[in-house]
Visitor: 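Take a look at this one; I'll ask things after.
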Amino acid sequence: MRTYRIRFIIKALLPVLLFMMSGCMTRSSIPSYYMMPTEDPVLQPENRTATGLLVSVGPIMIPDYLKTRSIAMRSGAESSIAYESDHLWSESMESGITRILCNTLSASLCKSGGMAVPMQSRGDATVRLSISILRFDGIPGGDTVLDATWTLYGKMHETIATGRFCQSMPSGKDLESMVRTHGALTAQLGYTLAQKILGQSGSLL
């Protein structure tokens with residue numbers, strides 16, 4: 001009778017043990033990391049001196065739904081957001097936007113001796129640029145949308161100009177293409193802001 005009970009217990013527990021072992025042996029998927037690409041980088045050594053406009057970029061404010069490393073996806077004006085748990089940003093959204101804006105602004109300002117740097121890296125800025133991201137997402141096979149407001153402040157923290165940037169671009173067929181579109185839209189924002197800043201340069205210097 002005792003042997004029968006042991007066999008019964010083993011038979012009852014065997015499926016559970018096999019299930020647990022299969023779960024332990026299953027490899028979890030390795031996440032892929034992405035970074036918004038920049039165009040030709042503009043070298044900005046810390047000891048470089050701007051002979052023209054010096055733009056301090058920041059703060060970059062983003063909505064709560066973008067405060068995650070998972071890539072957010074949304075189609076059109078839909079209210080639902082999907083997150084790619086296995087496809088992650090390699091840097092925060094704020095850092096990526098700041099990096100591309102500094103590069104793009106510096107490329108536009110360098111001919112007149114100007115440059116752009118992240119906020120707080122230099123204390124002698126001619127102008128400070130603050131940006132609030134309202135929407136920045138898309139979906140492969142659809143469009144990616146960047147909607148943001150911006151404000152330019154002078155040396156005395158006075159407001160010089162404000163505006164809104166809202167553009168969309170085709171995302172491309174896959175997630176990697178959509179990431180490149182994120183970078184292209186951010187660069188376009190930078191070029192737009194560079195023209196605004198250059199238009200104010202006479203009163204800023």
Side-chain angles (χ1 to χ4, degrees), residues 31-50 52-73 83-84 87-138 144-153 163-169 171-172 174-198:
S32 299
Y33 292 89
Y34 300 83
M35 175 182 287
M36 290 187 290
T38 58
E39 298 176 359
D40 296 336
V42 177
L43 298 179
Q44 299 183 34
E46 289 298 323
N47 59 353
R48 174 182 164 185
T49 301
L53 292 171
L54 177 60
V55 181
S56 173
V57 178
I60 307 294
M61 294 164 284
I62 65 173
D64 289 342
Y65 85 94
L66 291 177
K67 295 178 181 179
T68 173
R69 291 298 175 92
S70 297
I71 296 178
M73 295 198 303
Y83 293 96
E84 287 289 330
H87 298 276
L88 311 174
W89 294 112
S90 60
E91 59 186 341
S92 67
M93 183 65 71
E94 298 98 323
S95 296
I97 292 173
T98 300
R99 173 174 54 81
I100 294 177
L101 288 180
C102 286
N103 183 79
T104 306
L105 287 167
S106 293
S108 299
L109 300 174
C110 64
K111 292 182 179 180
S112 58
M115 63 183 290
V117 296
M119 184 180 64
Q120 298 179 346
S121 64
R122 296 279 292 267
D124 54 344
T126 310
V127 61
R128 180 169 66 85
L129 171 62
S130 173
I131 294 176
S132 178
I133 303 296
L134 305 176
R135 176 182 176 181
F136 201 7
D137 55 59
T144 297
V145 178
L146 173 56
D147 188 1
T149 60
W150 54 267
T151 303
L152 294 176
Y153 298 95
R164 184 167 184 173
F165 175 94
C166 186
Q167 286 196 15
S168 63
M169 287 185 182
S171 301
D174 52 30
L175 201 57
E176 188 170 351
S177 299
M178 191 177 81
V179 169
R180 288 196 294 269
T181 302
H182 274 69
L185 280 169
T186 306
Q188 186 59 50
L189 170 61
Y191 288 126
T192 299
L193 290 170
Q195 295 305 310
K196 298 290 185 181
I197 294 171
L198 288 171

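Here, residue 1 is the first one in the sequence, and each next residue gets the next number.
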Visitor: More than 12 non-hydrogen atoms from neighbouring residues, nucleotides or ligands closer than 6.0 Å to CD on E176, yes or no?
Guide: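 No.
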Visitor: Can you tell if the side chain of M73 reaches within under 4.5 Å of the side chain of D137, non-hydrogen atoms only?
Guide: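 Of all side-chain heavy-atom pairs linking D137 with M73, none is under 4.5 Å.
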Visitor: Are the side chains of M119 and T98 in contact, using a 4.5 Å heavy-atom criterion?
Guide: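 No, every pair of side-chain atoms sits at 4.5 Å or beyond.
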Visitor: Quick check on side chain to side chain contact (heavy atoms under 4.5 Å, CB included): which of V57, I131, V55, T104 does L193 satisfy it with?
Guide: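 Filter result, single survivor: I131.
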Visitor: So R164 and L134, do their side chains get closer than 4.5 Å, heavy atoms only?
Guide: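 L134 vs R164: side chains touch.
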Visitor: Using atom types as modelled and distance alone, determine if a side-chain donor or acceptor of S168 lies under 3.5 Å from a backbone N or O of V145.
Guide: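 Not confirmed, S168 side chain does not pair with V145 backbone.
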Visitor: Side chains of M93 and I133: closer than 4.5 Å at any heavy-atom pair?
Guide: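 Result no, sub-4.5 Å side-chain heavy-atom pair not found.
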Visitor: Which heavy atom of E91 sits nearest to which heavy atom of R99, and what is that distance?
Guide: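 It is OE2-NH2, 2.5 Å.
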Visitor: Treating S112 as the side-chain partner and L109 as the backbone partner, does any N or O pair qualify as donor plus acceptor under 3.5 Å?
Guide: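 At least one qualifying donor-acceptor pair exists.
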Visitor: Measure the spacing between OG of S108 and CG of L53 and express it to the nearest 0.5 Å.
Guide: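 Between S108 OG and L53 CG, I get 12.0 Å after rounding to 0.5 Å.
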Visitor: Do you know the tightest heavy-atom contact between M35 and S90?
Guide: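 That would be CB-OG, 3.5 Å.
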Visitor: Any side-chain to backbone donor/acceptor pair from Y34 onto R180? Under 3.5 Å, distance only.
Guide: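 Between the backbone of R180 and the side chain of Y34 there is no qualifying donor-acceptor contact (under 3.5 Å).
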Visitor: State, to 0.1 Å, how close L105 and G190 come at their nearest heavy-atom pair, and which atoms those are.
Guide: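 For L105 and G190, the tightest heavy-atom pair comes out as CD2-O, 3.4 Å.
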Visitor: Under 3.5 Å, side chain of S171 to main-chain N/O of T144, donor-acceptor pair present?
Guide: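 Checked: pair present.
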Visitor: Is there a side-chain contact between K196 and F165, using heavy atoms and a 4.5 Å cut-off?
Guide: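 No, too far: nothing below the 4.5 Å cut-off.
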Visitor: Are V179 and H87 side-chain neighbours, meaning at least one heavy-atom pair lies under 4.5 Å?
Guide: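 No, side chains not in contact.
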Visitor: Would you say the side chain of S130 lies within less than 4.5 Å of the side chain of M61, judging by non-hydrogen atoms?
Guide: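 Heavy-atom side-chain distance check passes, below 4.5 Å.
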Visitor: Within a strict 4.5 Å, meaning less than it, do heavy atoms of the P59 and R128 side chains meet?
Guide: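 Contact flag for P59/R128 side chains = yes.
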Visitor: Give the intermediate values and the outcome of side chain to side chain contact (heavy atoms under 4.5 Å, CB included) for residues F136 and I62.
Guide: CA-CA 9 Å; F136 201 7; I62 65 173; over 6 Å; no
Visitor: What verdict does the side chain to side chain contact (heavy atoms under 4.5 Å, CB included) test give for Y33 and R69, after you've listed the backbone C-alpha separation in whole Å, the side-chain angles of each residue and the deciding distance to 0.1 Å?
Guide: CA-CA 9 Å; Y33 292 89; R69 291 298 175 92; over 6 Å; no
